[in-house]
Amino acid sequence: MDSAIRLRGLHKRYGDTVAVADLDLDIEAGEFFSMLGPSGSGKTTVLRCIAGFEQPTRGSVALFGTDVTALAPFARPVNTVFQDYALFPHLSVIANVEYGLRVAGVGRRERRARAEEALGQVRLAGFEDRRPHELSGGQRQRVALARAIVLRPQALLLDEPLGALDLKLREQMQVELKELQRELGITFVFVTHDQDEALTLSDRVAVFDAGEVVQLGTPRDVYDHPRNRFIASFVGSSTLLEPQVSAALGLGSQAMAVRPERVTLDAPGGVPGTIAEVIYTGPEHRIVVDLDGLGARITALEPNTGAQNSRSRGDRVTVSVEPAAAAPLEAEPDAA
Ligand code: ADP
C-alpha cells in the first residue's frame, strides 16, 4: 500500500541555510505522527513542503500515491492548522467553519450541515453565532480545527497547534486531539518542540536536529533507546555516562544514557557514592549522587511516599542500573 505521505530526497535551502537536508520519510495512513525538535531544526519547513506552502529546492512529496510536488496547496488532499488560528475576526464561528466549503462552491444546505457536524466533532456545538473574540484560546483553536476537518482532508497537518495555550488547557486539548484523530481515522502530522506532547500523542515520532531526522520510532523506542546524546538530553531527562562510568556500573564500555527512574539506590552490589542534592518535585524526589572516585554524578528518581526525610544531602548510598535500562549511545565523530 502507498504511504499517506512519502518524502524522497526532500531538500530545502534558504540562501546559505540548509533547513531540510535530503530527507526520506514515510508516514502511514491513519497514523498520529509527530515531528519533534528544537526551534530551527526544520520541522515547519517539512510541514510547509507537504502542504505546498513551500517549494523544495529538490526532492519530491507524494500524497497517497500521487506526486504532488508541483501542485498548489489547495489541490492537495491535506489541510493545515496553525498555532495562531488565523480565524476571520468579523465572521461568526459557523461562517468561519463554512468558509472553505463556500470557496469550494458547496451549496448552502450541505455547507451548514457539514459545518455543524465539524463543530460537534470539536465539541463546540452551540457556539455557532459567537465571534472569535468571544471565545477562549482553546475554543478558538477548536474552531481552527473544525475549519480544517470540515474540508475532509486525508491528512491534517498541525503546526504547534497548542503552542499558544497555557499548560492546563494544553493537556486537555492534547487528549481531545488524540480522540479527534481516532474518531476521524485520518493521518495527523504534528509539529512540536514539546517532547511530552510528542511522546503522549504519537504513534511514531521523528526527532529533528539541524534539518535531519536523527531518530524515528515509537515514543517508547525514542525514550528508552535514544541513539545519541542530543536525543537523550532533548527527549526527557537522562544522565549521560562516560565510558569509564558505564564500566564501573557494570554496563559495558560505551557511553550510555540512563533515565533517572531506572536508577536504583541501595540495591546489593551498587557503586558507592554520596548524595549531593535532593530535589522535591511533588510526586517524586530527584536524588543526585556523586559517585566515589569517578568524578561523575547520576540522578535517581524515587516516588514521594510521604515518609519524612527519607534521604538527605550527605547520606552515603549505593547506585545500580540494570543493564537493560541503559541505552548505549552512538559514538559522535565531531564530539572530540
Ligand atoms: P523549526 O520548525 O524546527 O523551528 P524551521 O523549519 O522553521 O524550523 O526552520 C529551519 C531553518 O530554516 C532555520 O534555520 C530557519 O531560520 C530557516 N528558515 C525557515 N524559514 C525561512 C525563510 N522563509 N527564510 C529564510 N530562512 C528560513
Side-chain angles (χ1 to χ4, degrees), residues 4-27 31-63 68-74 76 78-86 141 144-145 148 155-165 167 170 173-174 177 187-217 219 222-223 226-236 334:
I5 297 170
R6 170 164 294 174
L7 309 179
R8 285 296 175 266
L10 190 80
H11 195 87
K12 180 68 184 179
R13 219 178 32 226
Y14 297 102
D16 289 339
T17 306
V18 174
V20 182
D22 295 312
L23 179 65
D24 293 332
L25 188 63
D26 287 280
I27 301 174
E31 192 171 29
F32 200 122
F33 188 91
S34 292
M35 302 200 279
L36 170 68
S39 177
S41 59
K43 313 173 300 283
T44 303
T45 302
V46 173
L47 200 77
R48 292 175 61 83
C49 287
I50 297 170
F53 300 126
E54 290 293 348
Q55 197 55 39
T57 309
R58 57 172 190 265
S60 66
V61 179
L63 299 177
V68 300
T69 317
L71 296 185
F74 64 82
R76 302 184 183 203
V78 297
N79 281 104
T80 308
V81 178
F82 299 99
Q83 177 177 340
D84 63 2
Y85 325 128
Q141 191 51 284
L145 274 168
L156 195 62
L157 311 178
L158 302 115
D159 190 0
E160 301 254 1
L162 311 181
L165 307 177
L167 183 64
R170 235 182 132 102
M173 285 294 292
Q174 287 171 6
L177 263 185
T187 308
F188 274 32
V189 183
F190 189 86
V191 163
T192 183
H193 63 268
D194 182 320
Q195 46 106 7
D196 278 336
E197 199 159 275
L199 296 181
T200 312
L201 290 172
S202 317
D203 297 311
R204 286 194 305 154
V205 180
V207 184
F208 278 71
D209 182 23
E212 297 188 41
V213 171
V214 288
Q215 189 159 1
L216 175 65
V222 171
Y223 186 80
R227 281 178 47 195
N228 63 28
R229 284 161 198 261
F230 167 78
I231 301 160
S233 52
F234 185 72
V235 182
D334 37 353

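Excluded from the calculations below are hydrogen atoms, water molecules and symmetry mates; all remaining heavy atoms, backbone and side chain alike, are included. Residues: numbered from 1 along the sequence shown. For ligands, and for the atoms within them, numbers begin at 1 and follow the listed sequence.
Among protein heavy atoms, atom 24 (N) of ligand 1 sits closest to Y14 CD2, 3.4 Å. Summary of contacts: the protein heavy atom closest to atom 2 (O) of ligand 1 is T44 OG1, 2.5 Å. Protein heavy atom nearest atom 8 (O) of ligand 1, with residue, atom name and distance: G42 N, 3.1 Å.
A donor-acceptor contact closer than 3.5 angstrom links the side chains of T192 and E197.
Proximity of S41 to ligand 1 is established by a heavy-atom distance of less than 4.0 Å. Using 4.0 Å as the threshold, P38 has a heavy atom nearer than that to some atom of ligand 1.
Atom 15 (C) of ligand 1 is never approached by the protein to below 4.0 angstrom, counting heavy atoms only.
Considering both main-chain and side-chain atoms, G40 comes within under 3.5 Å of ligand 1 through a nitrogen or oxygen pair. Polar contact with ligand 1: absent for A19 (N/O pair, distance under 3.5 Å). Considering backbone and side-chain N/O of E54, none are found under 3.5 Å from N/O of ligand 1.
What you find for D194 and D196 is that their closest heavy atoms are OD1-N, 2.9 Å. Shown here for V46 and L7, the closest heavy-atom pair between the two residues is CG1-CD1, 3.7 Å.
A salt bridge links D22 to R58: one of the charged nitrogens lies within less than 4.0 Å of a carboxylate oxygen.
Not one N or O on the side chain of D203 forms a donor-acceptor pair closer than 3.5 Å with the backbone of E31. Under the 3.5 Å distance criterion, the side-chain polar atoms of S202 are left unmatched by any main-chain donor or acceptor of L199.
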Show me, pair by pair, the donor-acceptor contacts under 3.5 angstrom made by side chains of residues 14-21, not counting sequence neighbours?
{"unit_1": "Y14", "atom_1": "OH", "unit_2": "E54", "atom_2": "OE2", "d": "3.3"}

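Under a 4.0 Å criterion applied to the non-hydrogen atoms of T45, ligand 1 contributes the atoms 5 (P), 6 (O), 9 (O).
With contacts defined as side-chain heavy-atom distances shorter than 4.5 Å, the pair V207/V213 does not qualify.
When non-hydrogen atoms are compared, ligand 1 lies under 4.0 Å from the side chain of T17 (C-beta onward) but not from its backbone.
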